[in-house]
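Numbers here are sequence positions counted from 1. Below, each value reflects all heavy atoms present in this structure, side chains not excepted, and no hydrogens, waters or symmetry copies.
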Amino acid sequence: MTITCERVVSSLSPEDLDALIEATSAGILDGGGFGWLQPPGHQALARYFEGLLLVPERSLYVVRDSGTICGAGQLVRPPASYEAHAATANLTGFFVAPYARGRGLGRTLLETMLKGAKAIGCKVVNCDIRETHVAAIGLFRSFEFEHWGTHPYYARIGGQTVRGLFLSKLLANENEAARWQSSITMPDASSSASSAAPEPETSPATHGLTLYPAIDLKDGACVRLRRGEMEDATHYSDDPGAQARMFAEAGCRHIHVVDLNGAFAGRSTNIPAIESIVKATSLPVQLGGGIRDMTAIERWLEAGVSRVILGSVAVKDPELVRQAARAFPGRIVAGIDARQGRVATEGWAEVSELEANDLALRMEDAGVAAVIFTEITRDGMLAGLDLEQTADMARRLSIPVIASGGVGTLEHLKALRDVARDVPGISGAIVGRALYDGRIALKDALDVLGSC
């Protein structure tokens, strides 16, 4: 018996993927895992693990017995913009197949993952475990994980409520730990505000924002709408693929595509145009508009789309969003479009009573990778982003928020950059009409957002 463990940095071979899926299915049957009570099937698990490799914040580790994968774990780091949590990591999806337990695989896996966390600068590793997983709890405690909290309603299995334990381990050595703990400032009730020493002025930490140039498709052509009205569209190009290449050649790193006809029809309509965009460049493409079932989600991800945006279905079928986010980690984005704070659906034709922030919190809980927030009354009007609503949403969420709707000048992007310096949850901006009209040069936009 030879036990080895490594971090997965490229696609697994078919044999390794089959072994990993077999081990995962056995682990789920033994007591649940990854949010499933029953194995979802080979294809769903294959998509799940392949999708993990596309998420830079997640590291997948596998442990082998005589070359065969028998267990795995994931190390999850916060997004780069979350500087306050930069020294932490979460350990999740940790398991060893029941048929391979008792051989030391779990210990080897955990030891390797902790070394990996320390190597990338993590000072603290957190995890949560069902109270019923007694052997796993014993393993983590043997590595000096501290139990700091209990969730009384952690899971519901077989009609029974199961509690969950929250554990943490400080990776720093004794001297580092002493410095860390001594730097933690606790509130002193006896101190008055007037007696407190002034804090030294510091420059805010910086992080770059992502520019998402928009390609909105209507009847196969690139257009831009005003306030989301299909009848108020400006036609820009009959060659969406060429438009995508132009954005790529100008230095853009992502492309945002919306199937406008699809948003109203409830199904993808501009299929040839979307396919031409995907084939035209190697840039990641995020696609929204009329994608409202798992078949459509799978179809576009398999066709080369990097991320799928779910809009109307987020309101009407939140369980689908949850299932998709679980099946395709990091590749599902929620598109939240609002008129004065109220969520709009069906290609913006209907306005619900649901508050945008409430939906955003639900989508975060469902597991989406990010939220795109658009204030419809500003979209295509070139009057500037709704920075107040965008910042408010970003402060409430722990996932990135992409701003959309209303960018008309370089000053609007500078204003977003300034807000993002104080609200790091804002990760980028979608810009459309201003680029097409020449009001903003792509190079200038990239320079401004990159200097955030």
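The shortest heavy-atom contact between L397 and E364 is C-OE2, 3.6 Å. Between A434 and V407, the closest heavy-atom pair is CB-O, 3.4 Å. In terms of heavy-atom proximity, V223 sits nearest to H235 at CG1-CA, 4.0 Å. Here the shortest heavy-atom pairing between C222 and I215 reads SG-CG2, 3.7 Å. Of all heavy-atom pairs between L17 and L12, the closest is N-CB, 4.1 Å. The shortest non-hydrogen separation linking V419 to A391 is CG1-CB, 3.9 Å.
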Quiz item: Please walk me through it: do V8 and L20 pass side-chain contact (heavy atoms from CB on, under 4.5 Å)?
Solution: CA-CA 12 Å; V8 180; L20 177 56; over 6 Å; no
Exercise. Would you sort out whether S10 and L53 count as a side-chain contact (heavy atoms from CB on, under 4.5 Å), showing the intermediate values?
Key: CA-CA 7 Å; S10 59; L53 299 180; 5.9 Å; no
Quiz item: Checking salt bridge (Lys or Arg N to Asp or Glu O under 4.0 Å) for the pair R362/D365: CA distance, chi angles, key distance, verdict?
Solution: CA-CA 5 Å; R362 294 182 192 180; D365 181 64; over 6 Å; no
Practice problem: Might you work through the side-chain contact (heavy atoms from CB on, under 4.5 Å) test for F145 and I129, ending with a clear yes or no? | Solution: CA-CA 12 Å; F145 276 76; I129 309 175; over 6 Å; no
Exercise. Please assess Q286 against V257 for the test side-chain contact (heavy atoms from CB on, under 4.5 Å), listing each intermediate value before the final yes or no.
Key: CA-CA 6 Å; Q286 61 183 26; V257 178; over 6 Å; no
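The existence of a salt bridge linking E275 and R299 is confirmed by a sub-4.0 Å separation between a basic side-chain nitrogen and an acidic carboxylate oxygen. Using a 4.0 Å cut-off between charged side-chain N and carboxylate O, R47 and E50 make no salt bridge. Salt bridge present: R396 and D392 bring a charged side-chain N and a carboxylate O closer than 4.0 Å. With salt bridges taken as basic N to acidic carboxylate O contacts below 4.0 Å, one links K443 and D447. No salt bridge links R267 with D293; every basic N to acidic carboxylate O contact stays at or beyond 4.0 Å.
Here CG of L359 is found 5.0 Å from CG of L354. Values are rounded to the nearest 0.5 Å. For the atom pair OG1 of T92 and CG of N126, the computed distance is 11.5 Å after rounding to the nearest 0.5 Å. Interatomic distance, D16 CG to S11 OG, rounded to the nearest 0.5 Å: 11.5 Å. Note: R245 CZ to T281 OG1 = 9.0 Å, rounded to the nearest 0.5 Å. Taking CD1 from I372 and CE from M363, the interatomic distance works out to 13.5 Å, rounded to the nearest 0.5 Å. Here the straight-line distance linking atom NE2 of H133 with atom CG of L165 works out to 11.0 Å at 0.5 Å rounding.
Contact check for L301 versus I297: side-chain heavy atoms found under the 4.5 Å cut-off. Side chains of H42 and D18 form a contact here, defined as non-hydrogen atoms less than 4.5 Å apart. Side-chain contact between H412 and L385: absent, with no pair of heavy atoms (C-beta onward) separated by less than 4.5 Å. A heavy-atom distance below 4.5 Å is not found between the side chains of I440 and V448. R64 places a side-chain heavy atom less than 4.5 Å from the side chain of I69. In this structure, R77 and C122 have side chains that are in contact, with non-hydrogen atoms separated by less than 4.5 Å. Counting only heavy atoms from C-beta outward, the side chains of Q243 and Y236 never approach each other to under 4.5 Å. Side-chain atoms of P39 and T24, non-hydrogen and from C-beta on, never get closer than 4.5 Å to each other.
Heavy atoms from other residues, nucleotides or ligands lying under 6.0 Å from CD of E146 number 12 at most. Within 6.0 Å of CD in E319 there are more than 12 heavy atoms belonging to other residues, nucleotides or ligands.
Y436 places a side-chain N or O within 3.5 Å of a backbone atom of A214 that can act as its donor or acceptor partner. Between the side chain of R395 and the backbone N or O of V423, no donor-acceptor pair lies under 3.5 Å. Of the possible polar contacts, one joining the S237 side chain to the D239 backbone as a donor-acceptor pair under 3.5 Å is found. Using modelled atom types, no side-chain atom of R322 and backbone atom of G367 make a donor-acceptor pair closer than 3.5 Å. For S276 (side chain) and A273 (main-chain N/O), a donor-acceptor pair under 3.5 Å exists by modelled atom type. With hydrogens and angles disregarded, no donor-acceptor distance shorter than 3.5 Å links the side chain of R439 to the backbone of R433.
When each of D259, D216, D219 is checked for a side-chain hydrogen bond (donor to acceptor under 3.5 Å, both in side chains) with N270, only D259 meets the rule.
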